[in-house]
There are 2 protein chains.
Amino acid sequence: MIDRIDRRILSILQEDSTVPVAEIGRRVGLSTTPCWRRIQKLEEEGVIKRRVAILDARSVNVKVAAFISITTNQHNADWLAKFADVIKEFPEVVEFYRMAGKVDYLLKVVVPDIEAYDAFYKRLISKIDISDVSTTFAMEEIKNTSQLPLNYVVTEKTRDPVKE
Amino acid sequence: MIDRIDRRILSILQEDSTVPVAEIGRRVGLSTTPCWRRIQKLEEEGVIKRRVAILDARSVNVKVAAFISITTNQHNADWLAKFADVIKEFPEVVEFYRMAGKVDYLLKVVVPDIEAYDAFYKRLISKIDISDVSTTFAMEEIKNTSQLPLNYVVTEKTRDPVKE
DNA sequence: TCTGAAATACCCACTAC
DNA sequence: GTAGTGGGTATTTCAGA
């Protein structure tokens with residue numbers, strides 16, 4: 001169970017995981033060891049999934065983000081499993097969801113430019129048989145964060161959503 | 001300028017930033033110091049933007065992802081600036097793009113459930129005047145990674161996209 | 001002169017108390 | 001929560017291309 005202190009620790013770590021444990025402890029009003037033990041527990045429980053480096057998209061030459069809406073008429077489990085496996089393997093696909101409503105699947109893809117998108121698209125449809133596809137491009141990334149909101153965390157003291 | 005070794009270092013770090021420098025060096029065929037210097041440089045240059053902890057969405061009670069397409073008839077710079085500022089401040093909004101085509105803006109929002117989405121939606125439209133909004137929900141997250149594809153990186157040796 | 005290997009001092013993560 | 005240790009990291013020095 002996550003309490004308020006855990007939540008503050010998570011908030012710090014998902015913003016910057018290089019902050020030393022002693023400093024985190026200081027900020028949340030804990031000494032190093034208990035703070036460190038909480039972090040360990042959060043990692044064991046899988047609340048903290050991993051620690052990663054976030055790269056600059058422009059520096060690695062993926063300046064264009066595209067959203068691909070896929071509608072299909074094939075809905076059996078076998079087909080879906082194969083479809084998902086194939087698409088997951090493309091490194092350009094950074095997000096992939098099965099949707100409710102008219103669109104069946106939504107992909108977020110990152111590539112250098114429209115030309116590269118076209119090449120990617122051809123590779124995609126050559127590997128898998130999909131009926132209806134529509135793509136929209138992001139002109140500007142206004143916000144894109146790995147930080148999840150923590151105001152909905154169920155704390156041990158209360159079951160109500162708590163404001164940050 | 002990024003070379004092949006840098007690319008391998010980035011690949012390791014964006015998958016797991018806890019790997020010790022000596023181990024990274026071993027994997028890319030470098031001793032600790034030059035490897036460490038490369039990482040420093042990549043951070044200085046902003047290729048590595050930050051190091052963060054990735055949290056488990058279910059553990060922090062945000063199981064539902066929604067995509068909100070916003071169409072507006074207001075296109076002046078003032079309005080956009082205000083609009084962007086307001087929306088950015090919602091922690092539930094994890095992604096926010098200005099789009100090309102019919103839809104003007106696309107938001108990705110994470111919340112605990114449909115009920116919470118509704119509450120969020122009401123708060124959103126109370127703060128800002130938007131004409132046309134449509135929401136689709138993700139039923140299943142098949143892939144969601146912070147790892148960018150590195151096969152498009154422009155290396156010092158070649159300007160061609162290089163296969164991983 | 002630039003790049004990499006070896007060596008050291010220091011600081012932080014982690015353990016025992 | 002405090003004290004102490006091992007290990008990784010930051011930094012310097014040195015060797016070689």
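This is a predicted model, so every value here is computed, not measured. Lettering of chains follows the sequences in order, A, B, ..., and the numbering in each one begins at 1.
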**Message:** Quick check on contacts: within residues 18-26 of chain B, what sits under 4.0 Å from DNA chain D by heavy-atom distance?
**Reply:** B/Pro20, B/Val21

**Request:** Tell me which residues in residues 31-49 of chain A put a heavy atom below 4.0 Å from DNA chain D, sorted by number, or none.
**Result:** A/Ser31, A/Thr33, A/Pro34, A/Arg37

**Message:** Between B/Arg38 and B/Asp3 (salt bridge meaning N to carboxylate O under 4.0 Å), is one present in this structure?
**Reply:** yes

**Request:** Look up atom OG1 in B/Thr33 and atom CD in B/Gln40, then write down how far apart they are to the nearest 0.5 Å.
**Result:** 11.5 Å

**Request:** Would you list the pairs meeting salt bridge (Lys or Arg N to Asp or Glu O under 4.0 Å) in which at least one residue belongs to residues 51-79 of chain A, sequence neighbours left out?
**Result:** A/Glu43-A/Arg51

**Item:** Within residues 134-148 of chain A or reaching into it, pairs that qualify as salt bridge (Lys or Arg N to Asp or Glu O under 4.0 Å) - sequence neighbours excluded
**Value:** A/Glu140-B/Arg98

**Pairs flagged by side chain to side chain donor-acceptor pair (under 3.5 Å) wherever residues 81-90 of chain A is involved - sequence neighbours left out** = none

**Asked** Does the gap between the ring centers of B/Phe83 and B/Phe96 come in under 6.0 Å?
**Response** yes

**salt bridge (Lys or Arg N to Asp or Glu O under 4.0 Å) involving B/Glu23 - partner list, sequence neighbours excluded** = B/Arg26, B/Arg27

